[in-house]
Amino acid sequence: MKRRSFVKKTTAGVVGAGIVAGCGSDSGDAGSGGGSSNPRVTWRLASSFSRSLDTIYGAAEVLAERVSAMTGGRFTIRCYPGGELVPALEVLGATQSRTVHMGHTASYYYVGKNPALAFDTGVPFGLTARQQNAWFYHGGGLELMRSVFADFNILNFPGGNTGTQMGGWFRRPVETAADLRGLKMRIPAVGGQVMARLGVNVQLISGGEIYSALERGAIDATEWVGPYDDEKLGLNKIANHYYYPGWWEPSANLSFYVNIDAWNELPENYREILASATAEANVKMLAAYDAKNPAALQRLIDGGTDVRPFSAEILAAAKRETDAYLDENAASDAKYAEILNAYRAFGDASRRWFATAERAYTEYTRP
Ligand code: CA
């Protein structure tokens with residue numbers, strides 16, 4: 001209880017500080033510790049990602065660079081790629097135990113610890129990047145997710161987004177729901193759960209092994225991220241049909257995790273700087289993908305890749321199974337149900353708005 005009430009107080013401090021400071025006032029006491037000072041502080045950040053996923057891994061480097069620059073080099077954060085300091089998929093546990101002070105990861109890796117963590121990253125047919133940020137920063141989403149992360153002694157911040165992902169690479173076209181049955185596909189997380197309900201033979205394969213698995217026929221299809229990252233893996237050389245959209249990842253939010261005890265020990269000015277730097281890294285990662293993906297998609301098209309949408313039949317079947325899957329989880333987990341209801345309500349309202357001016361403008365101006 002004590003921890004929960006502290007996090008609430010801290011959350012209010014972080015969210016409120018920007019507004020209050022903008023009016024030229026003091027941001028007030030955000031909790032224990034406090035006061036402004038400039039001690040030398042060195043933190044370790046464990047990322048789940050390899051350097052080769054440069055846009056995602058780069059968000060942690062942006063954070064570290066900005067924190068250092070804003071503190072005159074006195075608060076430094078050393079970033080370690082996945083597997084270097086702790087195993088790539090154990091960043092949550094490492095932050096919780098303070099093996100590292102903070103982490104950068106995707107929360108849906110840890111749904112085994114709490115299924116509701118999926119909403120921190122995104123779920124099939126869920127929110128786009130802009131909608132996810134709106135939900136986090138202004139729709140109560142961050143507060144809801146922080147109520148889950150408090151159980152892990154972690155304060156979480158949005159930390160970048162891939163934008164809407166592609167649906168991946170298929171060696172043969174898939175047009176009907178029947179075409180999916182028995183298909184061997186690499187697809188992780190909740191998307192994999194839904195694909196399994198559609199009869200797909202779901203394979204869990206790490207990024208570094210996708211190319212060889214697809215090449216030797218161990219899998220028939222794979223998803224990864226989007227044109228920029230997919231092109232780097234060379235997937236266009238061994239599969240020709242590139243589908244969209246990746247309905248299982250309409251956006252994928254990455255998160256920065258901060259150990260709450262380490263956070264409490266920071267002087268207040270460092271906490272404000274760290275919070276601001278996460279927001280800057282969040283914006284810049286999405287912008288980097290939005291800048292890199294268009295040229296990569298054009299190169300793939302020019303190289304002969306067949307880029308095509310999933311059929312209405314496949315999308316409808318996937319949507320139906322997604323809704324059933326989410327409802328089943330909610331039926332046995334009150335916290336999950338609370339977050340799902342809030343996430344759905346926010347999404348429904350948001351989609352009505354985005355389907356108005358944004359869609360009309362995009363459709364009119366597209367080449
Ligand atoms: Ca993906």
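Keep in mind that this is a model prediction, so the values were computed, not measured. Both counts, for ligands and for their atoms, begin at 1 and track the order of listing.
- Counting just the N/O/S atoms of Glu249, the one with the shortest distance to the Ca ion (ligand 1) is named OE1.
- Side-chain contact between Arg74 and Val41: absent, with no pair of heavy atoms (C-beta onward) separated by less than 4.5 Å.
- Residue contact annotation: Trp224 places an N/O/S atom under 3.0 Å from the Ca ion (ligand 1).
- A donor-acceptor pair shorter than 3.5 Å cannot be found between the side chains of Asn161 and Tyr289.
- For Glu223, the N/O/S atom at the shortest distance from the Ca ion (ligand 1) is named OE1.
- Donor-acceptor pairing under 3.5 Å is recorded for the side chains of Asn282 and Tyr137.
- Residue Gln165 counts as close to the Ca ion (ligand 1), with an N, O or S atom under 3.0 Å.
- The shortest distance between side-chain heavy atoms of Asn153 and Arg98 does not fall below 4.5 Å.
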